[in-house]
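Ligands are counted one by one from 1 in listed order, and the atoms in each one are counted from 1 as well.
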Amino acid sequence: MARKTILIDCDPGQDDAVMLLLAFGARDELDILGITTVAGNVPLAKTQRNARIICELGGVTDIPVFAGCDRPMMRHLVTAEHVHGREGIDGTAIYDPTLPLQTQHAVDFIVDALMKAADDSITLVPTGPLTNIGMAIVREPRILPKIREIVLMGGAMREGGNTTPSAEFNIYVDPHAANIVFRCGRPIVVMPLDVTHQVITTGARVESFANIGNVTGNAVKAMMEFYNRFDEDKYGTDGGPLHDPCTIAYLLAPDLFSGKAVNVTVETQSELTMGATVTDFWRVTERGHNATWIHGVNADGFFDLLNQRIARLP
Ligand code: BDR
Ligand code: CA
């Protein structure tokens with residue numbers, strides 16, 4: 001497979017952390033241009049620090065990390081410490097990392113990196129609220145042809161919302177940015193709750209991370225144990241959904257997933273359904289396809305891939 005050039009935009013978050021580690025374990029297949037961070041699960045000061053902690057955990061010193069927007073475009077920031085803990089990646093060691101934060105703003109970096117790139121060459125991987133990506137598109141629309149595809153975690157249809165009855169967290173936090181992204185005209189692959197709720201970190205799967213026998217595997221186990229407590233209580237399952245790594249897993253092994261071309265429109269007006277991803281799954285409107293909606297996954301295959309790649313890390 002040809003190496004894909006990607007740009008990751010995230011808000012770590014334990015599941016963002018595992019997403020980063022999966023990408024770090026696949027650098028032979030993924031050229032990671034940079035990691036940009038956004039306010040989401042926790043405020044920006046913590047998401048940028050957490051991304052750098054996870055780089056150090058994964059032994060990565062050569063991928064630049066940037067801080068981006070500290071609040072959504074139009075709405076007040078909503079965070080999720082009740083899920084991820086006060087620091088966002090609770091379960092693993094929290095400290096001041098030595099890996100520096102880049103001084104350039106994340107949105108400027110995204111614009112510069114894309115403007116320098118060839119058409120159709122960069123895959124964006126957003127796993128947090130879409131503020132940075134939406135801002136970059138507004139700021140410099142000439143970046144659009146450079147984007148090969150956007151593989152994002154967000155949205156929900158069959159599963160309903162996890163933040164309000166109709167909205168998933170990433171889209172709910174910045175529905176206006178999500179609206180810009182879904183209307184941008186570039187190919188979009190969506191990992192909604194419909195698929196991520198099939199990727200469950202059961203006790204046996206959590207144990208398997210520790211059985212790898214490396215520092216990273218043990219850290220993933222500890223983060224998952226913290227992260228699972230909330231979702232186990234909420235959904236009554238053994239384990240919780242490992243949302244964000246589905247994006248990178250899709251880039252590495254698309255055959256693990258199945259989906260369908262649909263139209264996705266984001267609700268930005270109604271307080272009741274704010275951030276709902278209105279997904280025309282059965283083509284009941286004339287609205288053109290703007291995304292591939294992933295709804296099926298081989299979960300065992302996903303966890304095999306994840307374990308193999310984490311085994312390559314320190
Ligand atoms: C999404 O919200 C965040 O809490 C997770 O990191 C994930 O990106 C799931 O709804
Ligand atoms: Ca996230």
For E56 and T98, run side chain to side chain donor-acceptor pair (under 3.5 Å): C-alpha distance rounded to whole Å, both residues' side-chain angles, the deciding distance at 0.1 Å, then the answer. CA-CA 8 Å; E56 292 188 351; T98 50; 3.0 Å; yes
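- Nearest to atom 2 (O) of ligand 1 among the protein's heavy atoms is F169 CD2, 3.4 Å.
- Counting heavy atoms under 4.0 Å from ligand 1, residue N162 touches it through the side chain alone.
- Both the sub-6.0 Å distance and the 45° axial angle are satisfied by R75 relative to the ring of Y172.
- The aromatic rings of F209 and F303 sit tilted, their planes meeting at an angle between 30° and 60°.
- Centred on the Ca ion (ligand 2), the angle running from T127 (O) to D16 (OD2) is recorded as 80°, rounding to 10°.
- Restricting D244 to its N/O/S atoms, the shortest distance to the Ca ion (ligand 2) is reached by OD2.
- Annotation: D244 places an N or O atom under 3.5 Å from an N or O atom of ligand 1; distance criterion only.
- Of all N, O or S atoms in D11, the one lying closest to the Ca ion (ligand 2) is OD1.
- Within ligand 1, counting atoms from 1 as listed, the ones closer than 4.0 Å to a heavy atom of N170 are 1 (C), 2 (O), 7 (C), 8 (O).
- For ligand 1, the polar-atom distance check against D11 finds no nitrogen or oxygen pair separated by under 3.5 Å.
- Ranking the protein heavy atoms by distance from atom 9 (C) of ligand 1 puts E168 OE2, 3.2 Å first.
- In this structure, R229 is positioned above the aromatic face of F226, its NZ or CZ under 6.0 Å from the six-membered ring centre and within 45° of the axis.
- Between H295 and F281, the distance from one ring center to the other falls under 6.0 angstrom.
- At distances below 3.5 Å, at least one donor-acceptor pair connects side-chain atoms of K146 with backbone N or O atoms of A117.
- Residue contacts with ligand 1 include D15, since one or more of its heavy atoms lies under 4.0 Å from the ligand.
- The pair D108-R139 counts as a salt bridge, with a side-chain nitrogen and a carboxylate oxygen less than 4.0 angstrom apart.
- At a heavy-atom cutoff of 4.0 Å, ligand 1 is contacted by the backbone of T127 but not by its side chain.
- Contact annotation: H84 has at least one heavy atom less than 4.0 Å from an atom of ligand 1.
- Taking the centre of each ring, F230 and H82 come in below the 6.0 Å mark.
- Of all protein heavy atoms, the one closest to atom 3 (C) of ligand 1 is N41 OD1, 3.1 Å.
- Atoms of ligand 1 found under 4.0 Å from any heavy atom of M153 (numbered from 1 in listed order, with element): 1 (C), 7 (C), 8 (O), 9 (C).
- Residues N41 and E81 bring no donor and acceptor atom of their side chains to less than 3.5 Å of each other.
- By the criterion of a heavy-atom distance under 4.0 Å, the side chain of D16, and not its backbone, is placed next to ligand 1.
- Under the 3.5 Å distance criterion, with hydrogens and angles disregarded, no donor-acceptor pair is assigned to the side chains of D238 and T202.
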